[in-house]
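These notes are about the structure you will find just below.
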Amino acid sequence: TNATWLVFFIPSFILIVFALIDLFLLKDTPGDANLDDFDTHDASSDEMDKSFTMKELLGRVFKSRLMMIIAAIEFTSGVLRNGIMQWYFIFAAEVPAMKEIFFTRNWGISIAISGMLGGFTAGYMSDKLFQSRRAPPAVIMNFVMMVLLITMLVLLYRSPTIVGLCAVLMCFAVIGVHSLMSGTAAADFGGRKATATASGIVDGFVYLGSGLQSFAIGFLVEKDWIYWPLFLLPFTVIGFLLSFKIWWEIPEATKRYLVDVEKKVLRVKKIKLKKIKIIP
């Protein structure tokens, strides 16, 4: 209890360890890792021999309607993510019935596990159910958050356990949206030549959203805590609509790749049919 300074040194030490692991194990390309290089069919597939200035990289993001929609979705996820993670514990501290429930007593580990599962689930859904499209899982998870916030509105002062469960599931859903939009969609549509710039700018919108909710919720809950989920609810609707707007979007190079794959599959099927016909 007297070594409060360890709160700063322990995370720093962990970050140093992982920085060293990254330094030795992470590579920029498969070729650097002694594997075969391959085309990822992202937005940079036809531009790997080009060099871009900073102005061109910024223009690639800010002049793109699609990238701005992704950034706007991330803005809503910034409001929702920190709107739950930061304010749940403050709410629980002010409402005596919330202090004794499992989720309050284990808030840190609950949101850590929930967030990791949300990220993995969103990625799995994107790759396995929606042909690597990033928007459909974001639509689903924004809808889930909509339902959870409505439930919180109805039961905020009635059922501490349900409110705690809703808050943890909110973390599951919002980290799913965040992981797809900030890291994956930005990389897809920014391409390998602009991945860092695109991801950095899109991720910056998360913190704009975080700043907005910090100011707004702090002001509103002085009147009544019911304004907490009520303020967050419209951002799930906005995130839902924006994600739905780009439901079918994939990079042009990915579209061409999928067309080529489909043609190859059809050719294989035709060959198999011809072989079947000549069998007596």
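Sequence positions, counted from 1, serve as the residue numbers for this chain.
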- Task: Find the distance between NZ (K27) and OG1 (T29) and round it off to the nearest 0.5 Å.
- Result: 9.5 Å

- Task: Output yes when a side-chain donor or acceptor of N106 lies under 3.5 Å from a complementary backbone atom of F102, and no otherwise.
- Result: yes

- Query: Are the side chains of V206 and S77 in touch, meaning some heavy atoms are under 4.5 Å apart?
  - Reply: yes

- Message: Using a 6.0 Å cut-off, check whether atom CZ of F130 has over 12 heavy atoms from anything other than its own residue.
- Response: yes

- Message: Under 4.5 Å between side-chain heavy atoms, counting indirect links through other Ile/Leu/Val/Met/Phe/Trp/Tyr residues: same cluster for I111 and M116 or not?
- Response: no

- Message: Same cluster or not: M181 versus W248, using hydrophobic residues (I, L, V, M, F, W, Y) connected whenever any side-chain heavy atoms lie under 4.5 Å apart?
- Response: yes

- Task: Could you grab the distance from atom CG of L155 to atom CG of L165, nearest 0.5 Å is fine?
- Result: 11.0 Å

- Heavy-atom distance under 4.5 Å between the side chains of N142 and L80, does that happen here? yes

- Message: When you compare the side chain of L58 with that of T197, does any pair of heavy atoms fall below 4.5 Å?
- Response: yes

- Item | Evaluation steps, side-chain contact (heavy atoms from CB on, under 4.5 Å), between R81 and Q213 | CA-CA 10 Å; R81 185 181 72 174; Q213 64 79 29; over 6 Å; no

- Message: Under a 3.5 Å threshold, yes or no: a donor from one side chain and an acceptor from the other, between T184 and R134?
- Response: no

- Query: Is there a path of hydrophobic side-chain contacts, each under 4.5 Å between heavy atoms of I, L, V, M, F, W or Y residues, that connects V79 with L153?
  - Reply: yes

- Query: Should V147 and V139 be regarded as members of a common hydrophobic cluster, given that ILVMFWY residues are connected when their side-chain heavy atoms come within less than 4.5 Å of each other, either directly or indirectly?
  - Reply: yes

- At their closest point, which heavy atom of S179 faces which heavy atom of G119, and how far apart are they? OG-CA, 3.7 Å

- Query: How long is the span from the CE atom in M145 to the CD1 atom in I140, to the nearest 0.5 Å?
  - Reply: 12.0 Å

- Message: Whether D127 and R133 form a salt bridge (side-chain N of Lys/Arg under 4.0 Å from carboxylate O of Asp/Glu) is what I want to check.
- Response: no

- Item | Mutual orientation of the aromatic rings belonging to F219 and F215 [parallel < 30°, tilted 30-60°, perpendicular > 60°] | parallel

- Nearest atoms (heavy-atom pairs only) where V177 meets E74: O-OE1, 4.2 Å

- Test side-chain contact (heavy atoms from CB on, under 4.5 Å) applied to I101 and T104, step by step: CA-CA 6 Å; I101 69 167; T104 303; 3.3 Å; yes

- Could you state the interatomic distance from CG (L232) to CE (M170), rounded to the nearest 0.5 Å? 6.0 Å

- Query: Any side-chain heavy-atom pair from D224 and Y157 closer than 4.5 angstrom?
  - Reply: yes

- Just say parallel, tilted or perpendicular for the rings of F240 and F244, cut-offs at 30° and 60°. parallel

- Any side-chain heavy-atom pair from I175 and S114 closer than 4.5 angstrom? no

- Does the side chain of M141 come within less than 4.5 Å of T121's, by heavy atoms? yes

- Query: Hey, are the side chains of L212 and F75 touching, using non-hydrogen atoms and a 4.5 Å cut-off?
  - Reply: yes

- Determine whether F91 and L156 make a side-chain contact, defined as any pair of heavy atoms from C-beta on separated by less than 4.5 Å. yes

- Heavy-atom closest contact (S243 atom, A135 atom, distance): O-CB, 3.3 Å

- Message: Run F103 and M98 through side-chain contact (heavy atoms from CB on, under 4.5 Å) and show every step you take.
- Response: CA-CA 9 Å; F103 301 111; M98 295 293 302; over 6 Å; no

- Between F205 and A71, the two heavy atoms sitting closest are CB-O, 3.4 Å

- Message: Is there a path of hydrophobic side-chain contacts, each under 4.5 Å between heavy atoms of I/L/V/M/F/W/Y residues, joining Y207 to F231?
- Response: no

- Nearest heavy-atom approach of A92 to K99 is O-CG, 3.3 Å

- Keeping the roles fixed (side chain from W228, backbone from G83), state whether a donor-acceptor pair exists under 3.5 Å. yes

- Message: Checking W87 against N82 for the side-chain contact (heavy atoms from CB on, under 4.5 Å) test, could you report, in this order, the C-alpha distance in whole Å, the side-chain angles of both residues, the deciding distance, and whether it holds?
- Response: CA-CA 7 Å; W87 289 99; N82 290 308; over 6 Å; no

- Query: Where do I73 and G239 come nearest, in terms of heavy atoms and distance?
  - Reply: CG1-O, 4.5 Å

- Look up atom CZ in F143 and atom CG in L148, then write down how far apart they are to the nearest 0.5 Å. 10.0 Å

- Query: Should we say atom CG of D22 is surrounded by more than 12 heavy atoms from elsewhere, each under 6.0 Å from it?
  - Reply: yes

- Got a second to check how far R105's CZ is from S110's OG, nearest 0.5 Å? 10.0 Å

- Compute the ring centroids of F9 and W5, then answer whether they are less than 6.0 Å apart. yes

